[in-house]
2 protein chains.
Amino acid sequence: MSLPHAILTALLEKPSSGLELTRRFDRSIGYFWSATHQQIYRELGKLEQAGQIRALPSEQPARGQKKEYEVLPAGRAELASWVARREDPKTVRDPLLLRLRAAAVVGSTGIREELARHLDLHRSQLEHYRSIEDRDFPPERRTAETDRLRHLVLRGGIELETFWTKWLTDALTALGPGEQETPAP
Amino acid sequence: MSLPHAILTALLEKPSSGLELTRRFDRSIGYFWSATHQQIYRELGKLEQAGQIRALPSEQPARGQKKEYEVLPAGRAELASWVARREDPKTVRDPLLLRLRAAAVVGSTGIREELARHLDLHRSQLEHYRSIEDRDFPPERRTAETDRLRHLVLRGGIELETFWTKWLTDALTALGPGEQETPAP
DNA sequence: GTGTACATGTAAGTTGTTACATGATTGG
DNA sequence: CCAATCATGTAACAACTTACATGTACAC
């Protein structure tokens with residue numbers, strides 16, 4: 001139940017069309033809640049029907065024509081109530097950890113390369129977050145409530161990627177350099 | 001595409017019935033890939049049809065009767081190939097980070113309590129993982145390949161929970177003690 | 001005119017969630 | 001016998017994924 005709220009947040013930050021939202025879900029807000037354009041268009045339709053957003057008045061509401069949305073008071077109220085809601089952390093589902101556990105049973109052939117590849121990906125994501133932090137959150141911009149909150153979210157991303165790079169580095173060390181034996185069938 | 005592989009791994013570790021699997025998905029393997037009993041029964045049916053597992057011979061294959069499964073060679077092969085497969089880390093979807101970002105727009109009323117609650121949950125999960133580490137992975141049990149891999153997975157859980165407790169502690173400090181102002185509508 | 005980027009959408013399938021249904025076994 | 005627990009399952013829905021369809025605008 002988070003996608004509609006992600007969209008409401010994005011639209012409050014700046015009214016947008018479906019495709020603009022899609023692009024913003026590929027950076028910024030999408031770092032914490034990803035979505036494809038199909039999900040977004042469908043959800044925009046639902047939110048409009050529910051009276052939480054509306055399309056900005058324009059001449060041609062046709063296919064292929066840009067359609068901008070803005071949040072209505074009902075949408076803002078729903079978002080505020082969601083922010084205050086209690087919701088337990090969702091149970092973890094991590095394919096890489098699971099694969100390592102499977103490797104403990106069927107043998108770890110080929111998994112070293114995969115770990116190294118993931119390490120690269122997480123390292124570059126970490127660098128990317130750090131450059132955003134340098135650009136958008138210099139020390140003097142960390143006093144206003146809004147900026148403090150946004151910076152906290154980014155810190156979450158930075159520390160999460162830091163965790164992954166550290167754990168993957170440790171894992172590669174623990175696995176050792178060479179080929180691993182395969183447990184007998 | 002990870003649930004079938006989680007089940008294959010669990011069944012290789014120990015042949016089980018659907019309900020036993022469900023219980024193991026509530027601890028151990030479920031710490032990295034959670035699933036409900038409905039998902040598990042459905043997937044067991046599919047895996048059996050695909051010839052990757054089979055029900056151990058027994059008299060009554062009736063409703064209400066326990067049915068144990070074991071992995072067939074085809075299942076083990078599929079699991080091994082999945083372990084060696086490349087798969088990018090899935091894009092992040094974290095409701096709590098998203099909620100904080102929404103709070104930056106509509107105001108953070110009530111979110112402090114929620115962060116404190118999550119901190120408690122992550123702290124106790126961390127303690128739980130640590131007790132498992134003490135029990136199952138004393139230093140002398142970290143030399144065999146299988147044990148090293150399983151320990152790595154657990155370390156992943158431990159460091160992930162460490163990240164959350166640290167970030168949540170920082171977040172509560174940054175938010176300060178009192179009520180937060182609400183941005184004007 | 002046509003290829004490319006922009007922009008919105010449909011359709012089908014898989015995975016995950018929630019609620020409920022049914023039968024077997026056992027302790028009191 | 002009856003309640004509680006064990007055990008397997010159905011059904012309906014919601015969320016997400018993948019592939020494709022359609023139309024507009026504009027540079028060449």
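Numbered from 1 within each chain, the chains take letters A, B, ... in sequence-line order.
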| remark: side chain to side chain contact (heavy atoms under 4.5 Å, CB included) with Gln52(B): of Ile7(B), Leu72(B), Leu8(B), only one passes, and it is Leu8(B)

| Out of dT18(C), dG9(C), dA7(D), which nucleotide sits closest to the side chain of Gln38(B)? | dT18(C)

| task | Show your working on side chain to side chain contact (heavy atoms under 4.5 Å, CB included) between Leu126(A) and Leu160(A) and close with a plain yes or no. | result | CA-CA 9 Å; Leu126(A) 177 55; Leu160(A) 194 52; over 6 Å; no

| message | Would you say Thr36(A) places a side-chain N or O within less than 4.0 Å of OP1 or OP2 belonging to dT18(D)? | response | no

| query | Ignoring hydrogens and geometry, is there a side-chain-to-backbone donor-acceptor pair from Arg54(B) to Val71(B) under 3.5 Å? | reply | no

| Per Arg23(A) side chain, nearest of listed nucleotides dC20(D), dC6(C), dG16(C) | dC6(C)

| message | With a 4.0 Å limit, can you tell me whether Lys66(B) has a side-chain N or O closer than that to the phosphate oxygens OP1/OP2 of dT25(C)? | response | no

| remark: Testing dC16(D), dC6(D), dT8(C) for proximity to the side chain of Trp33(A), the answer is dC16(D)

| field | Flag side-chain contact, heavy atom, 4.5 Å: Glu159(B) against Asp170(A) | value | yes

| note | Whichever of His37(B) and Ser34(A) has the more 5' nearest nucleotide on DNA chain D, that residue is His37(B)

| task | Tell me which residues in residues 39-47 of chain A put a heavy atom below 4.0 Å from DNA chain D, sorted by number, or none. | result | Gln39(A), Arg42(A), Lys46(A)

| query | Side chains of Asp94(A) and Trp33(B): closer than 4.5 Å at any heavy-atom pair? | reply | no

| Residue Arg93(A), side-chain heavy atoms: nucleotide from dG9(C), dT17(C), dG9(D) that is nearest | dT17(C)

| query | Looking at dC16(D), dA7(C), dA11(C), which one has an atom nearest to any side-chain atom of Leu3(A)? | reply | dC16(D)

| query | OP1 or OP2 of dG9(D) less than 4.0 angstrom from a side-chain nitrogen or oxygen of Gln65(B), does that happen here? | reply | no

| said: Among Glu161(A), Gln125(A), His128(A), which residue satisfies the side-chain hydrogen bond (donor to acceptor under 3.5 Å, both in side chains) criterion with Tyr31(A)? | reply: His128(A)

